[in-house]
Amino acid sequence: MFNLKWVLLDSIKDCKNLRIFRQIHAQLVTSGLVYDDFVTSKVMEFFANFVEYGDYACDYLEQGNTRLGSFPFNSLINGYVGGEFPQTAVSVYRRMVRDGFVPDMFTFPVLLKACSNFSGSREGRQVHGVVVKLGLLADLYVQNSLIRCYGACGDLSCAGKVFDEMVVRDVVSWNSLISGFMKAGHFDEAISVFFRMDVEPSIATLVSVLAACARNGNLCTGKGIHGVIERRFKVNLVLGNAMLDMYVKNGCFYEAKKMFDELPTRDIVSWTIMITGLVQSDHPKESLELFSMMRTLGISPDAIILTSVLSACASLGTLDFGTWVHEYINQRGIKWDIHTGTAIVDMYAKCGCIEMALQIFYSMPQRNTFTWNALLCGLAMHGLVHEALDLFEVMTISGVEPNEITFLAILTACCHSGLVDEGRKYFENMSKLYNLLPKLEHYGCMIDLFCRAGLLEEAVELARTMPMKPDMLIWGVLLNACTTVGNVELSHRIQDYILELDHDDSGVFVLLSNISAINQRWSNVTRLRRLMKDRGVKKAPGSSVIEVDGKAHEFVVGDISHLQTEEIYKVLNLINSVYHESH
DNA sequence: ATAGGGTTAG
């Protein structure tokens, strides 16, 4: 039978713009369906797609005023929650109250979700107050939403208070509290909440707790949970990925590879976990190989996986591949955000294309500390010292908080150009102005800076008085400086001190024997070699990477493992002979 | 109402 209500509902569903809606509106008025709660809430779902029609939507609701409940308003609020401007949901709520509608127990969960999405701590608190006044605090959904909202805003003491005062808690209450701790980076607390649970955990619980184990390196708990899952749960894609990530982030590549191969279904997230894991554990070459394999299978990369791939290109210096990724993003119109933008800036900067790095940097709508760091490190690395120092000033003026990595870039820049006074100033400002404790690397920079400026005594003094033990890099800087200025006495004192520390780091031995060789203390070189053998120290070979046709090749000194070794050496010898002829 | 992947240094 012909039913106008259902016909109109259909047209609302298909409605694309306000012009078409006006025609539907007319029919809604003549048929009296403007007073129908359900139809009106569908109208609101349409309006929620267009933030700019918010007032129109509210006007529409006011027409039906006396005959409508709060259901349509809830729909409108709900429509804005997941959008770009969740604050709009709060404005609609305000108008709802102003127009005399009474919010109900369905209003608050959506409203609180909106507050969570824009971290509206203040708004969340106000909503909490209204909930208490209206006597709705006893509702489980409202309570859980409050926990989520406080958690998302980082206000964990409030989240905990709501949680503690609940008489009946369900699994969502526990999960919401756990997510709150996760968002705040309190992984240990998240795990400890999990162990206090008195209801059966859900898949969502396990996913969160595995994420906590991934992030704080708690392999033991992670394995335990893996065991529980195998015995009692059906693994879905998300949970499988969570387990995979836990193993990868804990460095268990054997387990991870096995799990990856055995996953019944893999999606882009599974690939991202593997590729990111390889980049972050210092295997960028392998990560690019895996990426190529994924492409071979016809899977289209998204912005997130490309961010990791760019990071791999940056550490390998593979400009061709990196540029390809950048062009791929542009050509496919892949939407990229601050993470991806930062990775592009970093890639160009590390590959020496400072111009491109700057161009991308300035074209970005938003920049955070990471973005600035990528650029500043690039500038410092390429000796553009004054550019780096000037940009640092711009950074602080624009209100982006520097972190310890920012200062590492700045101090490196000072070090490269021997700016002792500036270096001292920045080093001091780190703790004074920005509350950042200098770490080993910062002390290393200062020591290097002093050495280069010929302030050897001050350098040694800093190495001796700094709050942590100098590493072999710092010793190397000091010893090199001793050699350069010919301070044999100081050099001997430092070497004796190093040997007392009982290192099993091959770098220390290589360093010491090099220094001895330079000073022609051959007996010492022999003594060190023996010491090295006694302590079972093995030297890891240094390797180089070269990009050919977008593929990264790694090699060591005298390497003959490549299939085309013969040709490679022929070309090398040719280059060498040409070089010698021209000199 | 609760659930997965990404950026800076070393």
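A/Leu244 comes within 4.0 angstrom of nothing in the nucleic acid, heavy atoms only. Here A/Lys249 lies in heavy-atom contact (under 4.0 Å) with sugar-phosphate atoms only. Across all strands, A/Ile178 comes closer than 4.0 Å to no nucleic acid atom at all (heavy-atom distances). Residue contacts shown for A/Leu237 include a base, since a base heavy atom lies under 4.0 Å away. Residue contacts for A/Thr340: at a heavy-atom cut-off of 4.0 Å it reaches a base atom on one of the strands shown.
Under the 4.5 Å side-chain criterion, counting only non-hydrogen atoms from C-beta, A/Tyr80 is not in contact with A/Pro86. The side-chain heavy atoms of A/Ile147 and A/Cys158, taken from C-beta on, include no pair separated by under 4.5 Å.
For the residue pair A/Asn373 and A/Asp346, no side-chain donor N or O sits within less than 3.5 Å of a side-chain acceptor on the partner.
The aromatic rings of A/Trp324 and A/Tyr328 sit tilted, their planes meeting at an angle between 30° and 60°. Aromatic ring orientation, A/Tyr443 versus A/Phe427: perpendicular (interplanar angle above 60°, classes split at 30° and 60°).
Within 3.5 Å, a donor on the side chain of A/Asp267 pairs with an acceptor on the base of B/dG4, or the reverse. Side-chain N/O atoms of A/Thr307 and base N/O atoms of B/dG6 include a donor-acceptor pair closer than 3.5 Å.
Of the candidates B/dA1, B/dG10, B/dG5, B/dG10 carries the atom nearest the A/Glu441 side chain, counting heavy atoms from C-beta on. Checking B/dG10, B/dT8, B/dG5 against the side-chain heavy atoms of A/Thr272 singles out B/dG5 as nearest. Closest to the A/Tyr141 side chain, of the nucleotides B/dG5, B/dG6, B/dA1, is B/dA1. Side chain of A/Ile305, nearest nucleotide from B/dA1, B/dG10, B/dG5: B/dG5. Distances were taken from every side-chain heavy atom of A/Asn236 (C-beta onward) to each of B/dA3, B/dG5, B/dT8; the shortest belongs to B/dA3. Comparing atom distances between the A/Gln280 side chain and each of B/dG5, B/dT7, B/dA1 picks out B/dT7 as nearest. Side-chain atoms of A/Val238 lie closest to B/dG4 of the nucleotides B/dG5, B/dG4, B/dT8. Side-chain proximity of A/Ser179 to the nucleotides B/dG5, B/dA1, B/dA3 is greatest for B/dA3. For A/Asn241, the side-chain atoms get nearest to B/dG4 when compared with the rest of B/dT7, B/dA9, B/dG4. When each of B/dA1, B/dT7, B/dG5 is scored by its nearest atom to the side-chain atoms of A/Asp170, the top-ranked nucleotide is B/dA1.
Regarding A/Asp302, its CG atom lies at a distance of 16 Å from the P atom of B/dG4, rounded to whole Å. Summarising the geometry, the separation between CG on A/Leu239 and C1' on B/dA3 is reported as 9 Å, rounded to the nearest angstrom. Taking atom CE of A/Met381 as the reference point, atom P of B/dA9 lies 6 Å away to the nearest angstrom. The separation between A/Ile405 atom CD1 and B/dA9 atom C1' is 5 Å, rounded to whole Å. Taking atom CD1 of A/Ile344 as the reference point, atom P of B/dG6 lies 17 Å away to the nearest angstrom. Atom P of nucleotide B/dG10 and atom CG of A/Asn403 are separated by 13 Å, given to the nearest angstrom. One can place CZ of A/Phe108 at 15 Å from P of B/dA1, the figure rounded to the nearest angstrom. Going from atom CG of A/Asp282 over to atom P of B/dT8 covers 12 Å, rounded to whole Å.
Taking the six-membered ring where the residue is Trp, the centroids of A/Tyr141 and A/Phe108 are separated by 6.0 Å or more.
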Kindly indicate, with the supporting measurements, whether the criterion salt bridge (Lys or Arg N to Asp or Glu O under 4.0 Å) is fulfilled by A/Glu200 and A/Arg232.
-> CA-CA 11 Å; A/Glu200 187 72 357; A/Arg232 306 220 311 261; 3.0 Å; yes

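Contact between the side-chain N/O atoms of A/Thr342 and the OP1/OP2 oxygens of B/dG6 is not found at any separation under 4.0 Å. For the OP1/OP2 pair of B/dA9 and a distance below 4.0 Å, the side-chain nitrogens and oxygens of A/Lys350 include at least one atom meeting the criterion.
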